[in-house]
Structure formats: C-alpha cells, structure tokens
Amino acid sequence: MTLRHRQAVHGHVDGNALAGPLSELFAVDVTAAEGRCVNCGLTGPIATLMVYDRAPGMVARCAGCDNVVLRLVRTPDAAWLDLTGMTWLRVQLPTTT
Amino acid sequence: MGIVSPGFHGRRRESAGGLPPGQYLTNDFPVLSAGPTPRIPQDEWEFTVTTESGREHRWTWREFLDLPSETPQVDIHCVTKWSKLGTEWQGVSLDVLLADVETEADYALAHSYGGYTTNLPLDDLLDGKAWVVHRYDGEDLEPEHGGPARLLVPHLYFWKSAKWVRGITLLTENEPGFWESAGYHDYGDPWREQRYQGD
C-alpha cells in the first residue's frame, strides 16, 4: 500500500512524512527519535505518529489517543514548529568517549 | 427565502480575473483536514453560544432546524490557494443565533467536534456575513465537508469556516485558534492575502 493509498483510506500518512520537512530544521533524522505524548503518555518513534498533511500545515497525532503531538507550518520565509503536545523528545546520538 | 450577500454578488466571477491574489480556480471541492473526521449523529449534535460571563445559549439539532434559514451563494477561498465560486449552502445566519445574546465581547472563538478552534472578531460574524450551514448544493452536508454543520464565513480564508462546529465562545480579548497559533494570520482576509502572521 502506497503512502497516498493509505491516506485515501485513513486520511493520514505515517510520521515518516515528516522526515523531509523537519530536515530543514534539524541536523538529525527526527523521525527516528522517540517522543512521549503529553496527553496519554504513549512513547514511540516520531515515525509512528499519524500525520495529516492535506491541511494548511502538517499535523502529527498520537497513534494511541489522537492528541496533536506536533504541528509544522512552513511559510515562505519561516517554519513554525509546535511541540506542546510532546513531553520530551529523545534523539539517539553517537556515543562520546 | 434565499439571499445573496451583496459583497460577494458584486465580486462573483466565472474567470480567474475575479480571484483574490495568489488563488487559482477549482471546480472540485478539496477536502482538507487536520485530524480524523468526527462522525456526529444529528440527534447528538448541539450548538452552544457561551458569553464572556459564562451564560450559555444552546440549540439541539431540531431547535436549530426550526430557526429561519437562508441559502447563501458565495465564493470560498482556501489559504492553500484554491478558490471555488458560486457555492450554494443552506443554514442559519449568526445574526439569528446571536440575536438574543447579551454581550460586551469583541472577539469570538469557534469550537468544533474533534477539538479544532478558530478565532474571529465578533463583527465578522454579524450583519449577514456568517452562517452555521447544514446543507451544501441541495444535500445534507457530508462529514468530510464539516457535517452535520459547519461555520461559513466566506469573506475570510476558509480555515475560519470551522467544520463540525459545536459552539462559539464570546471573549473580551482575542484568543488565537488552531492555525492562528501556528503561524497563520490572525484575521485572514483573502483580498489582502493575509495568509501568515506578518502578511
């Protein structure tokens, strides 16, 4: 099933759709990072979020409770990133010595 | 009795020449959504106006249908740049819904089933400029387009026309809604191309 096909059935795609837009902001692939939903406490990779991108911006919702975890709006000269739906974000980094 | 908003009648065009700046014409009706589509049975639907003092004015679906309705024919303009001309709706003017509401508020925040919100100056909901609509093109409004009922405020970008509307809170101070708190313009006039904050 393609991403677009999945969207036609469920109205959303998965969090991997955030990889390109977030790569404008972060030096690491944030979709591999883990986050915690502020509403229900579900923890998991950003890639597992449900992303609604047929909208004025990208809206990523928790797969457990539908709560908005992340919003990203790209204007012509800025990106607005709202992470108030997330308690924390854990980004795996190379081990330091 | 059907009405046509004079402001939009004067601007109606069948060509792109009459579109607001940066818009293109579509004959489809694109579905945009920031979340799963709520499925609200008509007999569970309610619409509530809450004043700044907390006073509530509530209508059930049946009470809403008993109000005098209008059939606005208007152009709609989405901030994602599509416009659709001459759309036909049926619903109740906010002038009717707010007629007996006592308020000193200058602002309104519309709430939807599913959690969506959008803010508007109260004046933009009055004087024949806004409706709660439940029918589109002669049919009941589909859930994908905001049914059972949605707000219709066609002189502003369409994100202000909240789908699945369940109420309006009247406020003495402006409170940004879902998109307005994430970079979109607070007012959203398509003719002044107010898409983003700072436009």
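Numbered from 1 within each chain, the chains take letters A, B, ... in sequence-line order.
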Q: For each of B:Ser33, B:Gly35, B:Cys78, tally heavy-atom pairs with chain A at distances under 4.5 Å, and name the one with the top tally.
A: B:Gly35
Q: Which of the residues A:Val68, A:Leu81, A:Val59, A:Leu72 is involved in the greatest number of heavy-atom pairs with chain B at under 4.5 angstrom?
A: A:Val59
Q: Determine the minimum heavy-atom distance between B:Trp179 and A:Ala55, stating which atoms define it.
A: CZ2-CB, 3.9 Å
Q: Tell me whether the count of non-hydrogen atoms from other residues, nucleotides or ligands lying under 6.0 Å of CD in B:Glu56 goes above 12.
A: yes
Q: Treat each ILVMFWY residue as a node, draw an edge where side-chain heavy atoms are under 4.5 Å apart, and state whether B:Leu94 and B:Tyr107 are in one component.
A: no
Q: Do the side chains of B:Leu171 and B:Phe47 join up, straight or via other hydrophobic residues, at under 4.5 Å, putting them in one cluster?
A: no
Q: Is chain A contacted by the side chain of B:Thr37, its backbone, both, or neither, given a heavy-atom distance below 4.5 Å?
A: neither
Q: Identify which part of B:Gln197 has an atom lying under 4.5 Å from any heavy atom of chain A, answering side chain, backbone, both or neither.
A: side chain
Q: Closest approach of B:Pro36 and A:Asp66, non-hydrogen atoms and distance?
A: CG-OD2, 3.5 Å
Q: Give the cluster check for B:Trp59 versus B:Val96: same hydrophobic cluster or not, with ILVMFWY residues linked at side-chain heavy-atom distances below 4.5 Å.
A: yes
Q: How long is the span from the OG1 atom in A:Thr75 to the CZ atom in B:Arg195, to the nearest 0.5 Å?
A: 12.0 Å
Q: Are B:Leu109 and B:Val153 co-members of a hydrophobic cluster defined by side-chain heavy atoms under 4.5 Å apart?
A: no
Q: Is it the case that atom CG in B:Asp43 sees more than 12 heavy atoms from other parts of the structure closer than 6.0 Å?
A: yes
Q: Can you give me the closest heavy-atom contact between A:Pro76 and B:Tyr196, atom names plus distance?
A: CD-CE1, 3.2 Å
Q: When you measure from the side chain of A:Arg71 to the backbone of B:Phe178, do you find a donor-acceptor pair of N or O atoms at a distance under 3.5 Å?
A: yes
Q: Between A:Asp82 and chain B, which part of the residue has a heavy atom less than 4.5 Å away: side chain, backbone, both or neither?
A: neither
Q: Hydrophobic clusters here meaning ILVMFWY residues chained together by side-chain heavy-atom distances under 4.5 Å, can you tell me if B:Leu32 and B:Trp89 are in one?
A: yes
